[in-house]
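Structure, as structure tokens:
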Amino acid sequence: MVLIIDGHHFQYEMENLCRVFFPDEQINVLTGSCGNEKNSLIITTSLLKQGVQEKIRVSIKEPLGKLRFRETELNLPSDSDDVELSMAVELFHLLFEYTGYRPLWGVLTGVRPSKLMNTLLASYGEQKALEYFENKLLVSKEKTDLALRVANAQRDIISMSDPMSFSLYVSIPFCPTRCSYCSFVSHSITSDKAKKLLPQYLNLLCKEIACTAKIANHIGLKLETVYVGGGTPSILDNDQIKKLLYVIGKEFNLDNIREFTFEAGRPDTINAEKLRTIKGHKVSRISINPQTFSDDLLRAIGREHTSQQIIDAYKLAKNIGFANINMDIIAGMPGDNFENFKNTISKTLELAPQGITVHSLALKRSSGILNHQFSFEQQSVLASKMIEHSNKALSKNGYTSYYMYRQNKTVGHLENVGWCKTGFEGYYNIYMMEECHTVLAVGAGAVTKLKSPAGAQIQRIFNLKYPYEYINRFDEIIDRKEKIYEFYSS
Ligand code: SF4
């Protein structure tokens, strides 16, 4: 399909909105007043001037079909953010009329609905915030309520973060095998090349941790949470885990931190020795991620473990003394069905972990699932039913939703929601997703996000993406750390 951007600069938002309605289509964006693509569906978004009057016009035309359009006159300065919103609303109505599909998140395409809700609540109070979501952004009541619940659950935790707080993220981008839906930069450790990279990678990672700690201490930053993620950090052997956690503990003061998470995502990477090592180094929270309890599906998505191994790993971790365990599951996976998913929820609830994170499958180009093997529409309907079921079952079993985010190209344009028992909110998840404070991130693919102590300014520093680049160009990684000093001294 063709999207024409005419007389305005709202391409990003218009394109995102078109993707919500036409997830399977390739969108060819043209700038100007006309397109000659005779065989394509053409959507035109225009900001038109007629004398002093300005108006928004959006239209859609099928090849050989009739033109449908909507127009509205503007009483706003054309550089106002409201013009972009007005155009998005017109486009939303037009595409809803054309497709019959009404997205539950309205024109809200951003990844952080709860952050927006938090901002609106602080500025205008609950009533106006809710009205803005439902009436201006056209968000459904159900999703508005979700954003409100999450914002309310976060309030006290957000207030604990002070302007000089920060979190540390440590990236281990290696996994035992690659899951078919994975869109992360994670290396399967089955290849000899990846196996050889790991020790070198770990040595340099420890150097980066030391360098980062020196900078944080020099600036006077206060560490709140640590998150070792990936990938699958528990892919490291026991000595490697010891080394990593020893270095973190040596370089940073962990005495007063609020949370230390270690992702032990795949049960086939976990054993008692590793769990004891992790427990012995002040880790307070781990994640063991079933994704599903269907053995057939686990095999189909490329995970070489059984559902029984998940249960065994969970029980082992509990016996070793972990009192805060999170489990991730995914709704909308290809090959899954409603009964399987219901069973996954029941099995997870039987284990009664402190946290359950329910993801909606995101289909990114880098994932191994080919789009033509997969009906986005069918899977979206199924995923919505699954999410609805999980919401009910988790609420009924005493879990509350405490953090959420959205990704592009999730089935049904659904969200990912973290649920927990009271008092077991994942602090790092909230601080990172709500952009409350700086996250200093180390390792390949990690992105440091600096948050100004005095305001809302955010600056990102990107580490090199792949482990081999990280190893070969490590000096560049260290050089980029200068930007942290520059940011805090400006
Ligand atoms: S465990 Fe996670 S990071 Fe690793 S391959 Fe699977 S989805 Fe990707």
Side-chain angles (χ1 to χ4, degrees), residues 169-191 193-195 197-198 201 205 227-237 240-241 261-271 274 278 286-307 309-310 313-314 317 325-336 344 348 355-370 374 379 383 405 407-411 416 418 426 428-429 432 441-447 463 465-467 470:
Y169 179 81
V170 180
S171 165
I172 307 288
F174 297 90
C175 288
T177 55
R178 195 167 161 84
C179 307
S180 62
Y181 55 82
C182 181
S183 56
F184 296 108
V185 187
S186 188
H187 276 46
S188 155
I189 207 72
T190 45
S191 81
K193 209 170 148 201
K195 266 186 201 141
L197 284 180
L198 194 43
Y201 178 80
L205 183 65
Y227 195 102
V228 183
T232 307
S234 46
I235 192 79
L236 299 174
D237 67 27
Q240 290 169 330
I241 292 175
T261 300
F262 191 100
E263 274 198 50
R266 304 265 289 254
D268 43 340
T269 61
I270 300 174
N271 60 38
K274 288 188 195 181
I278 294 167
I286 60 169
S287 201
I288 298 172
N289 302 327
Q291 315 299 17
T292 172
F293 273 93
S294 155
D295 286 331
D296 289 345
L297 192 53
L298 283 169
R299 242 187 326 274
I301 61 177
R303 287 169 83 99
E304 292 181 347
H305 61 80
T306 61
S307 55
Q309 280 175 280
I310 299 164
Y314 178 84
I325 304 176
N326 175 74
M327 300 189 109
D328 281 4
I329 53 184
I330 302 181
M333 278 195 285
D336 204 0
T344 292
T348 310
I356 301 175
T357 308
V358 184
H359 293 266
S360 306
L361 182 77
L363 278 185
K364 301 263 177 82
R365 244 170 285 151
S366 48
S367 78
I369 301 168
L370 297 175
F374 187 86
Q379 212 61 16
Y405 64 101
Q407 287 171 285
N408 281 333
K409 271 214 136 191
T410 47
V411 283
N416 303 317
Y428 172 83
N429 293 335
M432 184 264 304
V442 295
V447 182
N463 273 9
K465 214 168 169 186
Y466 299 100
Y470 179 85

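The shown structure was predicted, so the numbers you read here are calculated from the model rather than taken from an experiment. Residue numbers count from 1 along this sequence. One-based numbering, in listed order, for ligands and for the atoms of each.
Counting atoms of ligand 1 from 1 in the listed order, those under 4.0 Å from a heavy atom of Y181 are 7 (S). Close contacts between ligand 1 and R266 involve ligand atoms 1 (S), 6 (Fe) [criterion: under 4.0 Å to a heavy atom]. Near C182, meaning under 4.0 Å from any of its heavy atoms, are these atoms of ligand 1: 3 (S), 5 (S), 7 (S), 8 (Fe).
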**OP:** Give the intermediate values and the outcome of side-chain hydrogen bond (donor to acceptor under 3.5 Å, both in side chains) for residues D268 and Q309.
**Re:** CA-CA 7 Å; D268 43 340; Q309 280 175 280; 5.9 Å; no
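Judged by the shortest distance from any of its heavy atoms, G231 lies inside the 4.0 Å radius around the atoms of ligand 1. Taking a 4.0 Å cut-off on heavy atoms, R303 registers as neighbouring ligand 1. At least one heavy atom of T177 lies less than 4.0 angstrom from ligand 1.
For F262, there are no ring-ring contact (aromatic ring centres under 6.0 Å, His included) partners, not counting sequence neighbours. For D237, there are no salt bridge (Lys or Arg N to Asp or Glu O under 4.0 Å) partners two or more places apart in sequence or in a different chain.
Side-chain contact of T177 with R266: a donor-acceptor pair under 3.5 Å is present, judged by distance alone.
The CG atom of N289 sits 11.5 Å away from atom CD1 of I356, with the distance rounded to the nearest 0.5 Å.
H359 and Y405 have perpendicular rings, their planes meeting at more than 60° on a 0 to 90° scale where under 30° would count as parallel.
Residue contact annotation: C175 places no N/O/S atom under 2.8 Å from atom 8 (Fe) of ligand 1.
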